[in-house]
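All heavy atoms count here, side chains included; hydrogens, waters and symmetry mates do not. By convention in this document, chain letters (A, B, ...) are assigned in the order of the sequence lines, proteins followed by strands, and residues within each chain are numbered from 1. Owing to the predicted nature of the structure, the values given are computational and were not obtained by experimental measurement.
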Amino acid sequence: MTTRWLGAPIKRNEDPRLLVGQGLFVDDVQLPGMLHAVVLRSPHAHARILRIDVRRALEHPDVLLVLTHADLPPSLREPLPKLIPHPDLKHHKTQYTLAPDKVRHVGEPVAFVVATSRYAAEDAAELIEVDYEPLPAVVDLEDAAAGRPALVHEDIGTNVAAHSVQRVGDYEAARARADLVLARRFVVDRGCASPMETRGVVAQWDPRARQLTVWDSTQAPIPIRNGLAALFGLAQKDVRVIAPDVGGGFGPKIMMFYPEEVLVPLAAMRLGRPVKWIEDRREHFVATNHERTQIHHAEIALDREGHILGVRTVFLHDAGAYIPYGLIVPIVAECTLPGPYRIPNYHAEFRAVFTNKTIVSPYRGAGRPHGVFVMERLLDLAARELGMDRAEIRRRNFIQPHEFPYDVGLIYQDNAPLVYDSGNYPAALERALEAVDYPRWPEEKARYRAQGRRVGLGFACYVEGSGIGPYEGCRVTVEPSGKVYVATGVGTQGQGHFTSLAQVVAEALGVDVRDVHVVTGDTGAFGWGTGTFASRAAVVAGSAVHLAAQAVRQKALQVAASLLEASPEDLELADGQVRVRGAPSRSVSLGEVARAANPLRGVIPSEWEGPGLEATRYFAPPRGTFSHGVHAALVEVDPETATLRFLRYVVVHDCGTILNPLILDGQIHGGVAQGIGGSFFERLVYDDSGQLLSGSFMDFHIPTAVEIPEIEVIHQETPSPLNPIGAKGAGEGGVIPVPALVAQAIEDALDDLELEILRMPLHPDALFELIQKATRRGS
Amino acid sequence: MREPLRTVQLEVNGKAYTVTVPVRKTLADVLREDLQLTGTHVGCEQGVCGACTVWLDGEPVRSCLLLAVQAAGHRVTTVEALGTVDRLHPVQEAFWENHGLQCGFCTPGILMTVAAFLREHPAPSRQEIREVLAGHLCRCTGYQNIVRAVEDAARRLQARRT
Amino acid sequence: MRIEGTETLHAPRDRVWALLDDPQALASCTPGMQELRPTGPDEFEAVLSIGIAAVRGTYKGKLRITERTPPERYAVQVEGTSGAGFVRAVGVLELEDQGAQTGVRWSGEVQVGGALTLGSRMIPGIARMLAGQFFQCLDRKLQEGSP
Amino acid sequence: MKPPVFDYQDPASVEEAVDVLARHGAAAKVLAGGQSLVPLLNLRLARPEVVVDINRIDALDYLTEESGWLRVGARVRQRRLEREGDVRRTVPLLAEAVRFVGHPQIRNRGTVCGSLAHADPAAELPAAAVAVGARLVAHSRSGIREIPAEEFFTGPLTTALRPDELLVEARFPCTGPDWGWAFLEVSNRHGDYALCGVAAGVRARDGRVQDARLAYAGAGPVPVRLRQAEVALVEHADLEEGIRAAAAEARRVLRPDGDLHASSEFRRHLAAVLTARALRLAWSRASTCSGGAHA
């Protein structure tokens, strides 16, 4: 019997060792003679460094090294690399390894201490004296854009790093002939990923072999290796970067570089001993990248039947103190805003602005929640204004299933045209509405109301660009034991690649998925690739795995054909065997085929293209794929305490071909939970001096199992035509529409107050204020 | 001030260890560094996230909020004592079966809480499960499969007993 | 964070002013003030040891008298740094003549950095408590000094 | 986030402990459950020279009822209040309030007296202690004194305990048979410190409120008891009118500080809302089940 592996709910290969405490996270790496590092960080948001005196720290008996900017080699005194340049990014300011003369956000590294223990290193860091001259902090985004109250980077004479415009059609003309024009100011505030494992780096230098080994909790080990090789003047082959088990990533664990990724190897090379640095939670809140703050002035123009004539959004994007990651987040935001709707005329314009806050880079969703929030809110308000049903206004504007590929008319984050590959938007909405029994909602709502309960229904639609290039690669090797080894360049942070990629191979080679061993995130095993981001691993690496596995399959058939004296067309692969179709007794094990493919004597036929049952393949998609979905939820609001409770949460999700529904559901659940967190619980609150007031788990409220509801997932499968497995990205869909949905549900629950929710995240205090204002207005 | 040290005997997972440690060193750090029991993870050092949960005399506690010297004379149990790859504990089996973990960082702490909880509540309600899990932060799973895993674990343990 | 309050001191305004104008007297009433060394006109180096329960820190920094309008208005600026972070505060006192008594309107703007920010929710309460201790002490001195 | 260097003492008796405190004064810090102190140590906000661990003092591990008082020794973990059914009968408010303290993993280690001595203004147990009229027993070399809860809390994280004193016991008066109690709070998340919390008790007789207690967490620098509101409840013949008056009193009198989670106005509003809700619940318990015992 052949087992179908692809699409089956296979439990994960990686779990047993994680469950018994045998995972290997960076902090679990222990090496003989290992030292521990601590980063001394700026307590000020904006200040000039007048003096740094490290003498007392150096006198500490357990201290081996103290570094300040002045102690760095010349190549590390320059700003760190510009990751993703863009022609509109005029001032591509990037962070320093250690601050030279000025600090620009709380948490910016100022000095680096290496001692025999973390405890001692923290003691010594306190002995470093730094004199700061505090400068006015640039905190408010709109003030910042106007150059107030100071310049984050004086030399450029502005806080605006980039100004960028994209246009489709002619918005002004559309506006002129519209029956309804509706304009609002929308605010999305800062949030952060907060993976349970903070960042960490361990480095070991072998001076004889001139080999640098770095364990790094990164989502992109290969670029880190390449960058380190360049910085330290080493061959790429002499640097090995391992991203072992990574305890959650969600975006911010990709940088090149976080300063510590450079400082730890530098210290290991200077001292000739292994060095470990583990970020603590307090550091994490200020030293690991954030996301989200954008202020949109958005406008929608419609005819009286609710057809969208045009949309305009002019927005500010808070980049934080530096902008290493370029314009990815605002570009994704403006490209996600149109969503599943036909928008003939669209004007998107943004300014990316420096502030004295932690650097911004993509966090799960990466601009998409913002775009969806603005678009869905505009539609909700327009429907209200037109007296139209909120589902109906969406139906009237959906791109239809026959219109794919659909060219939105914009240029996406990968510099390719924004062309949707496939999808079925109307069907997804209808499924969601059916699941929550939308037609009967008015009666249901009235019934709650009669019980004195305020329950609202919300839903929101989105399209998620995912699975972008440039490429990923994979090597599949069948060993004589019959076990299959798969090496790929993408790292994994819990998404189950050890299983889903193994399934792709198991499907192609007819072996048990447990016999497929996947290695990810070790440049020693596979050295080409870019990283795990933008919901691309399963799509791009998965496709490369598929191509490599198919190549191995072809070769197995060729080799087995000669062993079995049969024609390759008459053979099949199943149960770890190659056998003659219809004559199962004539078979050889895949292991035997592997052995035969690597003979000690004789001749290798040229069509084998070399020895062994092995193939390496790359997949480079022409452009990204586009998943989509609809979320719907019932939310109960207690207007007296301004608190929420989710009664139901339904997700209709379409990410093309499903590789493993168990893993896919897990991705969706986790995304929804982060979406709920970012909509109502988690807030990064800054005071006027740029201090983060909510920088601990006591005040940054990640929702717990009590706040997160049961999540019902409904799958729709519209395969992508852009890759051989038909897959689309699934990592971010869970998070994207949640703020839009929560806003709509609260407005629905309190519809007599006629609230307009134009800001995310909300929290009880903000909701209280909205309710108070509305009540005052009403009375 | 010179670093005050103390030599203490610790009983961890049924084994006796004698360690000399700084009195300020947390139990979590001593387990991980001195005893190489790295299954206990450290996520916040403030007692909120729950990743470092171990048993002290059979009760789940935060090992980041205990000094190692305080554990002398008590029984400490970590995830390493729960099961092995070849012989998973029923709670571990249930987490595997129900995809109750993703990155796996918070998992050992959750397992310790759940295994202790199910001793006292062999047939918990979903709400009770969610409330006991509220002492743990998980950023990957959205908790849903964890809740399912706990329900499944309760059934597995029940089946074992009968 | 802004805090403010009013107090009544049991002495005429000129006596209150005289006390405020004496840095050492002021220092002796400032909770935790351990050292106050003049470094210039109206400028001092200060060492404060402030302990709120377990949260105990020695803050080294500067104290500057930024405004002095006898006998009405008095403003100070304090900055201190300890291992736990830094505190910056601006305090303004306005004295109102109420015959044998003096009304004090005070306000403070407190800024903290470093680990102290994690306790921000308690800072106004703590600042108010310390201010209360300060005024109680002043009042005691004024009453002791009176015949 | 690693604690600074400190010396560690773990006396085996109260006498030894107070000797250590007498020697070191404010430089010493008592470690009981450690659920508040150790985070502060890890953050290096707390920098004691000496940590005095009282966990080896077996004599402080008692939870007993004696002549109308529930006596809770300084080593009693919060979990025991939930687990020992008697507390639900003797001081039901305490059994109810303790469930809001952190999570089971915290309560397994955290002590009742430790939470009181820590005196976080948003914490539940201090408000409960003030509501029921607990008395706190402080031991020092110069003897033993009892401090009424209302005088014990003097500021945020600040109590009437002198540096040389050890809080050895908290005494809670056992509730009368005609009392009903309720603890309610609003927090952003399950287990967080309260944005506002209310401890309410009413004594019912002949369908009227005979006596009442109201105390608040998160509504001021210390747990606040609202006597005027209690009086209002007794004075109004109509329960709902009394409740309305009490809630209005809470809104009028309380002046909580705003912080990043809730403005002062929101906290006052919550205090009023919760006053009404807690009183109704307490009333239902007072008038439905004798003794106010409830699960």
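- In this structure, C:Gly114 and A:Gln691 approach most closely via the heavy-atom pair N-OE1, 3.9 Å.
- By the neighbour-count criterion of 12 heavy atoms within 6.0 Å, atom CD of A:Glu126 is densely surrounded, having more than that number from other residues, nucleotides or ligands.
- Rounding to the nearest 0.5 Å gives a distance of 10.0 Å between OG1 of C:Thr81 and OH of A:Tyr132.
- Among the candidates C:Arg121, C:Met1, C:Arg88, the residue making the largest number of heavy-atom pairs closer than 4.5 Å to chain A is C:Arg88.
- Counting heavy-atom pairs closer than 4.5 Å to chain C, the top residue among A:Ala45, A:Pro134, A:Gly690, A:Ser694 is A:Pro134.
- Taking each heavy atom of A:Arg282 and C:Leu118 in turn, the nearest pair found is CD-CD1, 3.6 Å.
- Heavy-atom neighbours of A:Arg55 CZ from other residues, nucleotides or ligands within 6.0 Å: at or below the threshold of 12.
- Within 6.0 Å of atom CG in A:Asp131, more than 12 heavy atoms from other residues, nucleotides or ligands are found, so the atom counts as buried in its surroundings.
- Between the CG atom of A:Asp699 and the OG atom of C:Ser120 there is a distance of 6.0 Å, given to the nearest 0.5 Å.
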